[in-house]
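Values below: all heavy atoms of this structure, side chains included; hydrogens, waters and symmetry mates excluded. Not measured: the values here are computed from a predicted model.
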Amino acid sequence: MPDKKKSLRDGLLKSGLVKEDQMKSAVLESRKSGETLIKSLLKKNLVDEDALIAFLEKEMDFPRVDLSSYMIDKKTLNLLSYPLARKHKVMPLFKVGDVLTIAMVDPFDIMIMDQVRAKTKCDIEPMVASSKDIEQAINQYYGISGSVDTLIKDIGPVEELHEGPLGVSEEEAPVVKLVSVLILRAVSERASDIHIEPTEEDVRIRYRVDGMLHDVSRAPLHLHSSMITRIKVMARMNIAESRIPQDGRFGMKREGRDIDIRVSSYPSIYGEALVMRLLDKAGVLVSLEEIGFSKENLKKFEEAIKRPYGIILVTGPTGSGKTTTLYATLNHIISPEKNIMTIEDPVEYELAGVRQAQVNVKAGFEFANALRSMLRQDPDDILVGEVRDQETARVAIQAALTGHLVFSTLHTNDAAGTLTRLMDMGIEPFLIASSMAAAIAQRLVRQVCPRCKSSFKPPKELLERLGLDPKKDYTFYQGKGCKHCRGSGYKGRTAIFEVLEMTEKIRDLVLRRASADEMKKAALEAGMKTLRDDGLDKALEGKTSLEEVLRVTQLD
């Protein structure tokens, strides 16, 4: 044990390593900055570090350690976090009883030892090593490469990494490789979003698959900055700005498919949280039958879209598949004889044979004025991404009344609510009654995994809750959970629909400003199936589960 009574200052002067005037300068610097004497001497280059360590070993009795040949146990390493080791340049070496021995440049730095003592709950015994050796040891034991390899194993294997979208090979930088694996793994699992969220202790990584978030892995905090920087570079975002939200995007190819990735950053209390939204462009172009329309609903919808003019509104919350339905509809009606135009925010997929445009708020190019300009381009059918305000709704309805078929989306809970929402926005009832062709509400439900599907008989209480006859013998299906579906019991999604046709009775109710409940009652009398009824039909067919139907239609 070193003799703490020995004076560091006197010993350095006596050894001749430091001259009197240099010592005075270092002491003055130490008092100003609050740093230790050794740090002040090194900062001002008044003493050679190797000579100083030799002095501490011989004269002050602090043992010197050669870290290049030292093996450190993983349990010992786990006692001290990477951020603390990096910040203070200390390296845990071994633990005997309640005493942890650490390597540091300045064994007189009581404040650092107190912090290490508080974090590790151990008494601290210092040994000395050069700052260069300590940094190399930190990189070796805590380094990014080791963390990344562990994390990649945790995330799971990805085939043909060298043929990935970002041109990544095994030899390239570890963080570049990690980000590539995260994206490729998400694509292979059909994830729609990747969430990277820093917490107080680590970085949480999650995928959204079939509308549900699930944990993929936890990364050490020291990887957070490198991961965010890498993704920002790919998305052409400002890597120097972390105080405000940012947006960016980039594309990639995977197995012949084009994947569009939209990146959004958001400053949180523990650092920037980042979400990557993955849009598989091949997955957008599906037929109306594949989306989930029943034969009955499809017949009603096809009759509405065959009209020469009118407005068709698809409604539902964010993430309910409205855009996919509209793209499938446009794909269904595309022909060389038609001029189809769109204004979207943003354009999610490029449709051949359709003239598409994207909202540009900074340039003043928004839905309403874009729609006015579109009408001078002699369109037959028009897609407006979303009816957000009275002005857009009014122009869209005027377009529908002047011989155009207009498609758009609106945020309401059900189909009947679409009509009252337009009135609430200030649109006159006679305009709504004259222009509305149909209102379609939709939700997405998860499909039962085909590999672990099993049938079951629901209890009578559940049947009564669903409005079904408890005396009848119903068979429903559920997934037990397997490797194919990651134990969830579900694989893929389909949509359930509510198609409201504009009958004469419903038009009369609109003109009388009737409530949404009255309009829904009239639509049901005319043969409309509710979202729950359509969901129950799909549950009886074995496509989804009762649990899913109840989850997405709980407000009905």
Side-chain angles (χ1 to χ4, degrees), residues 1-73 76-77 79-96 98-120 122-144 222:
M1 287 292 293
D3 184 0
K4 300 300 180 186
K5 292 181 180 179
K6 286 186 178 181
S7 168
L8 174 65
R9 182 176 173 179
D10 293 341
L12 284 168
L13 288 170
K14 187 178 180 180
S15 68
L17 280 176
V18 184
K19 295 178 181 178
E20 186 70 39
D21 58 335
Q22 292 175 324
M23 182 60 74
K24 286 180 181 178
S25 175
V27 169
L28 190 63
E29 175 69 25
S30 177
R31 287 172 181 169
K32 282 183 181 178
S33 63
E35 293 178 333
T36 63
L37 179 60
I38 286 178
K39 283 186 178 176
S40 295
L41 286 166
L42 292 171
K43 185 178 178 181
K44 293 175 75 67
N45 294 316
L46 297 174
V47 66
D48 178 73
E49 191 181 61
D50 285 336
L52 176 66
I53 289 171
F55 164 79
L56 291 172
E57 181 186 17
K58 291 178 182 178
E59 302 297 327
M60 307 303 293
D61 301 323
F62 285 101
R64 181 174 186 169
V65 60
D66 181 10
L67 292 173
S68 62
S69 59
Y70 203 90
M71 294 298 292
I72 300 171
D73 183 64
T76 305
L77 203 68
L79 291 172
L80 196 64
S81 69
Y82 170 84
L84 197 64
R86 171 69 71 186
K87 182 181 178 182
H88 297 307
K89 287 187 181 177
V90 295
M91 191 71 199
L93 299 175
F94 56 88
K95 183 187 173 190
V96 178
D98 293 327
V99 179
L100 174 67
T101 299
I102 62 172
M104 58 195 303
V105 178
D106 183 5
F108 288 92
D109 197 328
I110 304 301
M111 290 183 68
I112 288 178
M113 287 195 283
D114 283 344
Q115 287 188 43
V116 174
R117 185 181 292 109
K119 287 289 183 181
T120 62
C122 296
D123 289 327
I124 303 302
E125 197 73 50
M127 294 178 75
V128 291
S130 69
S131 57
K132 184 181 178 182
D133 285 352
I134 291 172
E135 282 180 6
Q136 285 179 347
I138 289 171
N139 288 333
Q140 179 185 344
Y141 288 98
Y142 290 99
I144 286 175
H222 68 269

Could you check whether any side-chain heavy atom of [X] comes within less than 4.5 Å of a side-chain heavy atom of [Y], counting everything from C-beta outward?
X	Y	answer
L80	P92	yes
E135	K89	yes
M113	P126	yes
L8	F108	yes
M91	V65	no

Point to revise | Atom pair CE/CG of M23 and L28 - distance to nearest 0.5 Å | key: 13.0 Å
Review point. Quick one: CG on L37 to CZ on R31, what's the gap to the nearest 0.5 Å?
Key: 10.5 Å
Name the atoms and distances for all side-chain donor-acceptor pairs under 3.5 Å in residues 45-56, with sequence neighbours left out.
from, atom 1, to, atom 2, distance (Å)
D48, OD2, D50, N, 3.2
D48, OD2, A51, N, 3.0
E49, OE1, S131, N, 3.4
E49, OE1, S131, OG, 3.4
E49, OE2, S131, N, 3.4
E49, OE2, S131, OG, 2.9

Give me the atom names and distance for the closest heavy-atom approach of [X] to [Y].
X	Y	answer
L100	C122	CB-CB, 3.8 Å
A26	K44	CA-CD, 4.5 Å
V90	I134	N-CG2, 4.0 Å
M127	L93	SD-CD1, 3.7 Å

Point to revise | side chain to side chain donor-acceptor pair (under 3.5 Å) partners of residues 100-117, not counting sequence neighbours, each pair once | key: T36-D106, K39-D109, H88-Q115, D114-R117
Practice item. Output, in order, the C-alpha distance, side-chain angles, deciding distance and verdict of side-chain contact (heavy atoms from CB on, under 4.5 Å) for E125 and I102. Key: CA-CA 6 Å; E125 197 73 50; I102 62 172; over 6 Å; no
Exercise for review: Using the test side-chain contact (heavy atoms from CB on, under 4.5 Å), find all partners of K132 that sit at least two apart in sequence or belong to another chain.
Suggested key: S130, Q136
Would you mind writing out the side-chain donor-acceptor pairs for residues 9-18 within the sub-3.5 Å range, not counting sequence neighbours?
from, atom 1, to, atom 2, distance (Å)
D10, OD2, S7, OG, 3.3
S15, OG, G11, O, 3.3
S15, OG, L12, O, 2.8
S15, OG, L17, N, 3.3

Check your understanding: K95: what forms a side chain to side chain donor-acceptor pair (under 3.5 Å) with it, not counting sequence neighbours?
Key -> none
Check your understanding: Does a sphere of radius 6.0 Å around CZ in R64 hold more than 12 heavy atoms from other residues, nucleotides or ligands, not counting ones at 6.0 Å or beyond?
Key -> yes
Point to revise | Donor-acceptor contact below 3.5 Å, side chain T120 vs main chain V116 | key: yes
Exercise for review: Sort and list the pairs that fulfil salt bridge (charged side-chain N to carboxylate O under 4.0 Å, His left out) and have at least one residue in residues 18-30, not counting sequence neighbours.
Suggested key: E29-K43
